[in-house]
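Not measured: the values here are computed from a predicted model. Below, all heavy atoms of this structure are taken into account, side chains as well, without hydrogens, waters or symmetry copies.
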Amino acid sequence: MWRYNPLTGNLDKVGLINVAPLCTITSTAWDIPPDNINLAVDGNPDTATGIGQRTLSTAGTIGNVHLEPPKGIYLVGVKFSFWSDGSGKVLARIYSEDMSGTLHLTGIIADYMNKNSEFERNGLATIVTIDNTFKRVVLSFRGNEADTYYIKIYEIFLFKII
């Protein structure tokens with residue numbers, strides 16, 4: 001955020017800045033990816049993507065969302081909702097992806113939970129560094145067993161610390 005400083009006539013940076021709206025965003029692994037994925041980074045936590053869906057035959061990845069911010073150190077968080085048809089539970093994780101494509105776990109933001117109707121969750125936040133080694137942030141949703149899972153993303157926050 002910027003604020004006009006009447007003493008200097010300049011715009012001064014104030015507080016943390018959410019750079020997610022400035023990032024390239026893509027998604028992978030879903031059977032049906034969330035439509036309107038850009039709503040996940042529109043800066044409004046009251047709007048949501050469409051429903052992302054995946055049917056798993058065993059435990060595995062429901063879907064991933066990739067963000068490519070500029071170099072820096074970020075506080076990353078997410079507001080999302082989820083549910084499943086059966087007893088499957090959802091886990092949300094944040095990874096840093098290195099230049100070779102390998103994922104490195106930086107934080108678990110929501111532990112395995114089961115809900116059969118839509119359940120909103122504000123995930124915990126974690127710190128991610130983007131530099132010459134790590135190129136992007138990956139938000140990954142996982143299911144713990146065979147089931148059909150549904151995810152909506154309200155907002156991904158990417159606050160630049162440094």
Less than 3.5 Å apart, any donor N or O on the side chain of Tyr154 or Asn122 sitting next to an acceptor on the other?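 No pair is found: no donor N or O on one side chain lies under 3.5 Å from an acceptor on the other.
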
Residues Asn36 and Thr49: side-chain donor-acceptor under 3.5 angstrom: no

Please list all pairs meeting salt bridge (charged side-chain N to carboxylate O under 4.0 Å, His left out) that have one or both residues in residues 142-156, counting only residues at least two apart or in different chains. Glu118-Lys152

Which residues pass the side-chain contact (heavy atoms from CB on, under 4.5 Å) test with [X], sequence neighbours left out?
| X | value |
| --- | --- |
| Ala125 | Leu75 |
| Thr102 | Asp98, Ser100, His104 |
| Ser96 | Thr106, Val128, Phe134 |
| Pro21 | Asn18 |

May I have the list of side-chain donor-acceptor pairs in residues 66-73 shorter than 3.5 Å, sequence neighbours left out?
{"unit_1": "His66", "atom_1": "NE2", "unit_2": "Thr28", "atom_2": "OG1", "d": "2.9"}
{"unit_1": "Glu68", "atom_1": "OE2", "unit_2": "Arg136", "atom_2": "NH1", "d": "3.3"}
{"unit_1": "Lys71", "atom_1": "NZ", "unit_2": "Asn132", "atom_2": "OD1", "d": "2.4"}

Would you please name every residue forming a ring-ring contact (aromatic ring centres under 6.0 Å, His included) with Trp30, sequence neighbours left out? none

Which residues pass the side-chain hydrogen bond (donor to acceptor under 3.5 Å, both in side chains) test with Thr126, sequence neighbours left out? none

Set of side-chain hydrogen bond (donor to acceptor under 3.5 Å, both in side chains) partners for Thr148, sequence neighbours left out: Thr55

Compare every heavy atom of [Y] with every heavy atom of [X], then report the nearest pair and how far apart it is.
| X | Y | result |
| --- | --- | --- |
| Gly86 | Asn116 | O-ND2, 2.6 Å |
| Tyr150 | Ser84 | CD1-CA, 4.3 Å |
| Phe80 | Ala92 | CZ-CB, 3.9 Å |
| Ala40 | Ile153 | CB-CG2, 3.6 Å |
| Tyr95 | Ser140 | CE1-CB, 3.7 Å |

Return the [atom1] to [atom2] distance between [X] and [Y], rounded to the nearest 0.5 Å.
| X | Y | atom1 | atom2 | answer |
| --- | --- | --- | --- | --- |
| Ile151 | Ser27 | CD1 | OG | 12.5 Å |
| Thr61 | Leu91 | OG1 | CG | 10.0 Å |
| Asp31 | Leu56 | CG | CG | 7.5 Å |

Residues passing the salt bridge (charged side-chain N to carboxylate O under 4.0 Å, His left out) test with Asp35, sequence neighbours excluded, are none

Going by salt bridge (charged side-chain N to carboxylate O under 4.0 Å, His left out), name the residues that satisfy it together with Lys79, two or more places apart in sequence or in a different chain.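 Once residues adjacent in sequence are excluded, the partners of Lys79 under the salt bridge (charged side-chain N to carboxylate O under 4.0 Å, His left out) criterion are Glu120.
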
Taking only residues at least two apart or on different chains, which pairs with a member in residues 113-133 satisfy ring pair (Phe, Tyr, Trp, His ring centres under 6.0 Å)? Phe82-Phe119

